[in-house]
2 protein chains.
Amino acid sequence: MSEDPKPRRRQARGERRISQLLQAAADVFCANGYTATSTNAIAREAKVSPGTLYQYFPNKEAIAIELGGRLVHEMRERHGRIFTPENAALPLPELIDAVLDPMIEFNCLNPAFLALMHGSDVPGRIAEEHDELHASLLSQVRGLIGARAVPPLPADRLDRVADMAFAVFKGGLALVVAAPEGPAREAAVEELKKVMYRYLAPVVGEAVPAGAAGALTTPPTTR
Amino acid sequence: MSEDPKPRRRQARGERRISQLLQAAADVFCANGYTATSTNAIAREAKVSPGTLYQYFPNKEAIAIELGGRLVHEMRERHGRIFTPENAALPLPELIDAVLDPMIEFNCLNPAFLALMHGSDVPGRIAEEHDELHASLLSQVRGLIGARAVPPLPADRLDRVADMAFAVFKGGLALVVAAPEGPAREAAVEELKKVMYRYLAPVVGEAVPAGAAGALTTPPTTR
DNA sequence: TGATTACGCGAGCGATCACTCGTGTTTGCC
DNA sequence: GGCAAACACGAGTGATCGCTCGCGTAATCA
């Protein structure tokens, strides 16, 4: 079980080609899905020959694996900057900003992430990576909500709240990335934050004012 | 542009085969997605030969079209029974029950619906049908919310609220259908209804009690 | 009962796809 | 400059897929 039996020397040119191929793959996967995408189409998008593509990747699945792996890695790095003790101590509206904004930004910048992680026709290895990421993300959310719940939630209810909060976020995220860049998208983001706030506020013991259909929270706060 | 150039006579046996093939297609599409599904696999699942399959469908896309068409048709029938004047007059918690329960039931019974309507690798004709259904569904939701909003919402805000309510529902729906049948699924349904209630209550001028983390609404009501 | 038509089969055809290989070019190192 | 290795190419190969076709069976009608 050697990790790297052939740690082939790469030149700078090779590394550039790899990034170029991965970028092309992201575009085509995003537009057509994994299965419907041909390796020749990826090579064409990257303006190289099929032979060149196979110099850097052993097969089609490996392209998706590498692309997915890089995206997951970048996503995990963001987690580290999102789920910090400082953020955990923030008031709920600010906490929602602190968590949602980077998540949304990442997914808007990397639409291939959702395409790869959500498609039902992706290779098994990617689905595994996605499950791991999903589980770790979920446990962070559970921790965040569990630490603030007033009154404290039993474990099974905490699980359900975290699951639902995350699922609802994903639904809203789809709407956000589908919106055209600009004011429409930002309005969708604000709307999604309202959903999250109104759902979670009672869990953490805050009241939602009745007439505040347009405001996320009371005026005196920072938003 | 004749609608049915060859309205071929069918025997009862043929109609049964069609249903059988459609059911098999639903199962396989659901498990592997449209593109990754081979027509031979559908025939195998239905326990017939490839030749038999092609006696009833001119090509692979037609199978998905017919399946999608039947599901959309059934879904539209439900809309008629969901978005009625009586339901529109219901208090918010009961309205949410009246709208969500049939929707959830349908999607649990027909998982192929979500698979076909959400996949990025489906033939264009299905995507069109989905868009039409989505638009009509959304306008019904807009009507429901717009008629109750207190204070009344300007058109652009109403659009955003309806869009977000629907997107959030879809996210929660994915969680519900992914849950194992039984108490876990019903708990997820209740949780999703809480999300919808808490999001929409301020829009229609209701207050959400602060401590009511576990209750959807105040005790005296029917739930 | 015989004729007609729908139903059912599965080997096989053409097209496409993932992937290879022989050959030529560029780069890094002495 | 000379050599080895990485890079680049694109026609070609085997496999698979969507789909057909010829032939046999079952149902319907006269």
Side-chain angles (χ1 to χ4, degrees), chain A residues 4-25 28-29 31-68 116 119 121-126, chain B residues 4-25 28-29 31-68 116 119 121-126:
Chain A
D4 282 318
K6 293 163 191 170
R8 179 170 186 169
R9 269 182 59 211
R10 294 252 181 250
Q11 300 179 351
R13 183 174 37 150
E15 296 295 341
R16 260 184 285 122
R17 277 270 184 259
I18 290 179
S19 301
Q20 178 187 0
L21 283 163
L22 252 20
Q23 180 58 53
V28 189
F29 283 152
N32 307 110
Y34 173 79
T35 311
T37 295
S38 75
T39 55
N40 289 20
I42 297 174
R44 205 180 315 122
E45 176 76 20
K47 311 273 182 58
V48 302
S49 82
T52 298
L53 185 154
Y54 280 93
Q55 189 155 40
Y56 297 101
F57 301 98
N59 51 49
K60 178 179 171 181
E61 183 173 348
I63 303 172
I65 301 285
E66 178 64 26
L67 179 59
L116 266 188
D121 61 347
V122 288
R125 185 69 184 79
I126 294 246
Chain B
D4 283 317
K6 293 163 191 170
R8 179 170 189 170
R9 267 182 61 212
R10 293 254 183 249
Q11 301 179 348
R13 185 172 37 148
E15 296 295 340
R16 259 183 287 121
R17 275 272 183 261
I18 291 180
S19 301
Q20 178 187 359
L21 283 163
L22 251 21
Q23 180 58 53
V28 189
F29 283 153
N32 307 110
Y34 173 79
T35 311
T37 295
S38 75
T39 57
N40 289 19
I42 297 175
R44 205 180 314 122
E45 175 78 19
K47 310 276 182 56
V48 301
S49 81
T52 298
L53 186 154
Y54 279 94
Q55 189 157 36
Y56 299 101
F57 300 99
N59 52 50
K60 178 179 172 180
E61 183 175 348
I63 303 171
I65 300 285
E66 178 63 26
L67 179 60
L116 266 187
D121 61 347
V122 289
R125 186 69 185 76
I126 294 246

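Reckoned from all heavy atoms, side chains included, excluding hydrogens, waters and symmetry mates. None of these values were measured; they are calculated from a predicted model. In the text below, chain A, chain B and the rest are named by the order of the sequence lines, each starting its count at 1.
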In whole angstroms, how far is the [atom2] atom of [N] from the [atom1] atom of [X]?
X	N	atom1	atom2	value
A:L21	D:dC9	CG	P	10 Å
B:L53	D:dC19	CG	P	9 Å
A:N40	C:dC19	CG	P	11 Å
A:Q55	C:dT23	CD	P	17 Å
A:E15	C:dT27	CD	P	16 Å
B:N59	C:dA15	CG	P	17 Å
B:Y56	C:dG8	OH	P	4 Å
A:N32	C:dC17	CG	P	11 Å

Which nucleotide, [options], lies nearest any side-chain atom of [X]?
X	options	answer
B:P50	D:dC19, D:dG10, D:dC7	D:dC19
A:R13	D:dA8, D:dC9, C:dT20	D:dA8
B:S38	C:dC9, D:dG18, D:dC19	D:dG18
A:T39	D:dC9, D:dC19, C:dA18	C:dA18

| message | Here's a test of your reading of the structure: between A:T35 and B:Q11, which maps to the more 5' nucleotide of DNA chain C? | response |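 Whichever sits nearer the 5' end wins; that is B:Q11.
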| request: Measure across A:E61 and A:Y34 and return the closest heavy-atom pair with its distance rounded to 0.1 Å. | output: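 Reported closest heavy-atom pair: CA-OH, 3.2 Å.
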| field | Where B:L22 and B:L67 come nearest, the two heavy atoms and their spacing | value |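 It is O-CD1, 3.9 Å.
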With a 4.0 Å limit, can you tell me whether [X] has a side-chain N or O closer than that to the phosphate oxygens OP1/OP2 of [N]?
X	N	answer
A:T52	D:dC9	yes
B:R17	C:dG8	yes
A:Y54	C:dT20	no

| Atom CZ of B:R16 and atom CG of B:L21: how far apart are they, to the nearest 0.5 Å? |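 The CG atom of B:L21 is 12.5 Å from CZ of B:R16, to the nearest 0.5 Å.
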| query | What is the distance from atom CG of A:N40 to atom CD of A:E45, rounded to the nearest 0.5 Å? | reply |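 If I round to the nearest 0.5 Å, the distance is 13.5 Å.
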| Does the B:D121 side chain pair with the main chain of A:A36, one donor and one acceptor, at a distance under 3.5 Å? |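 No, B:D121 side chain to A:A36 backbone: no donor-acceptor pair under 3.5 Å.
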| field | Toward the 5' end of DNA chain D, by each residue's nearest nucleotide, A:K47 or B:T37 | value |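 It is A:K47, whose closest nucleotide lies nearer the 5' terminus.
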| query | What is the nucleic acid contact for B:G51, judged by heavy atoms within less than 4.0 Å: base, sugar-phosphate only, or nothing? | reply |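 Answer is base: heavy atoms of B:G51 come under 4.0 Å of a base.
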